[in-house]
Amino acid sequence: MDKQTQELVEGLNEDLANEYAAIIMYNNYAAVVSGMYRQVLKPFFEGEVTDEQGHALYLAEKIKTLGGEPTTKPAEVKQTDDVKTMLEAARQSEADTIARYKTRAKQADELGLIELQNKLEDFITDETGHMEELERLLSDPRMQ
C-alpha cells in the first residue's frame, strides 16, 4: 500500500472509531435523557444511531477494500445526563466529524477515488443536517 493510501486508511479508521463513538453516545443519550425533553430527544437520539451505523458499516467495508484493517475500538464517549451538555457534546461531535470528512474527501480526490469522495460528501451533508438540528435545539431559550 502506498503512503497516500495508508494515510487515507488511517484517517478512515479514525473516522470509523468516531462513528462507533457516535453510535454509543446517541444510544446512551436516548437511554438516559429525562425530564420534559425526554419525549422529544429520545426519538431524536435513537434516529441518529441508524445514520451513524450506516456510516460505520460503509467506512469499515471501504477500509478493507483499500487493504486496511477496520478498527473495532470506539473513540472516547462523554457520558452525561444533563440535557444541555448532551446537545452540546453531540453538536461538537458532528462539527468534528464534518471537518474530518472534508479532509478525507480531499484525500480521496487526490487518489482519484471518486466513489469514496462522493460518499464522504454525502456524509458531510448528513452530518451537517444533524449539526443544524442540534443547533436549533440548543437555541431554545430554556437552554441558555
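This is a predicted model, so every value here is computed, not measured. Just so you know, residue 1 is the first one in the sequence shown, and it goes up from there.
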Not counting sequence neighbours, which residues clear side chain to side chain contact (heavy atoms under 4.5 Å, CB included) with [X]? List them please.
| X | result |
| --- | --- |
| Glu10 | Gln6 |
| Asp96 | Gln92, Arg100 |
| Thr50 | none |

Quick one: [atom1] on [X] to [atom2] on [Y], what's the gap to the nearest 0.5 Å?
| X | Y | atom1 | atom2 | result |
| --- | --- | --- | --- | --- |
| Glu121 | Asn118 | CD | CG | 5.5 Å |
| Glu52 | Thr97 | CD | OG1 | 7.0 Å |
| Met86 | Leu137 | CE | CG | 12.5 Å |
| Leu111 | Gln117 | CG | CD | 10.5 Å |
| Leu41 | Leu134 | CG | CG | 9.0 Å |
| Met25 | Glu19 | CE | CD | 10.0 Å |

Output side-chain donor-acceptor pairs under 3.5 Å for residues 72-81, partner residues at least two apart or in another chain, one line each.
from: Thr80; atom 1: OG1; to: Asp82; atom 2: N; distance (Å): 3.1

message = For the backbone of Ala89 and the side chain of Ser93, can you confirm whether one donor and one acceptor N or O come within less than 3.5 Å of each other?
response =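 Not a single qualifying donor-acceptor pair exists.
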
task = Look only at the side chain of Asn18 and the backbone of Glu14, and say whether a donor-acceptor pair between them is shorter than 3.5 Å.
result =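 Pair found, side chain donor or acceptor close to backbone of Glu14.
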
Side chain to side chain, [X] and [Y], heavy atoms closer than 4.5 Å:
| X | Y | result |
| --- | --- | --- |
| Lys119 | His55 | no |
| Glu94 | Arg91 | no |
| Tyr29 | Glu48 | no |
| Met143 | Val83 | yes |
| Leu138 | Glu135 | no |
| Leu116 | Leu8 | yes |

Solution key, residues 60-69 side-chain donor-acceptor pairs under 3.5 Å, sequence neighbours excluded:
from: Lys62; atom 1: NZ; to: Glu115; atom 2: OE1; distance (Å): 2.9
from: Lys64; atom 1: NZ; to: Glu69; atom 2: OE1; distance (Å): 3.3
from: Thr65; atom 1: OG1; to: Glu61; atom 2: O; distance (Å): 2.9

Applying side chain to side chain donor-acceptor pair (under 3.5 Å), name anything that partners [X], two or more places apart in sequence or on another chain.
| X | result |
| --- | --- |
| Asn13 | none |
| Arg142 | Asp140 |
| Asn27 | none |
| Lys42 | Glu46 |

key: Short N-O contact, Arg136 and Glu132, less than 4.0 angstrom   =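 Salt bridge flag = no for Glu132 with Arg136.
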
ask   = Under 3.5 Å, is there a donor-acceptor pair between the His130 and Glu133 side chains?
value =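 Note: His130 and Glu133 side chains miss the donor-acceptor criterion.
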
ask   = Can you pull the ring-ring contact (aromatic ring centres under 6.0 Å, His included) pairs that have at least one residue in residues 96-115, sequence neighbours excluded?
value =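 Non-adjacent pairs meeting ring-ring contact (aromatic ring centres under 6.0 Å, His included): Tyr101-Phe123.
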
ask   = With sequence neighbours left out, which residue pairs that include part of residues 71-90 fulfil the ring-ring contact (aromatic ring centres under 6.0 Å, His included) condition?
value =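 Of all non-adjacent pairs touching residues 71-90, none passes ring-ring contact (aromatic ring centres under 6.0 Å, His included).
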
Heavy-atom pair of closest approach, residues [X] and [Y]:
| X | Y | answer |
| --- | --- | --- |
| Leu16 | Pro70 | CD2-CB, 3.8 Å |
| Ala105 | Leu120 | N-CD1, 3.6 Å |
| Phe45 | Leu87 | CZ-CD2, 4.1 Å |

query = Do Leu57 and Val49 share a hydrophobic cluster (ILVMFWY, side-chain heavy atoms under 4.5 Å, transitive)?
reply =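 Leu57 and Val49: separate clusters.
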
Which side-chain N or O atoms in residues 31-38 pair as donor and acceptor under 3.5 Å with protein atoms at least two apart or in another chain?
from: Arg38; atom 1: NH1; to: Ala30; atom 2: O; distance (Å): 3.4
from: Arg38; atom 1: NH1; to: Val33; atom 2: O; distance (Å): 2.8

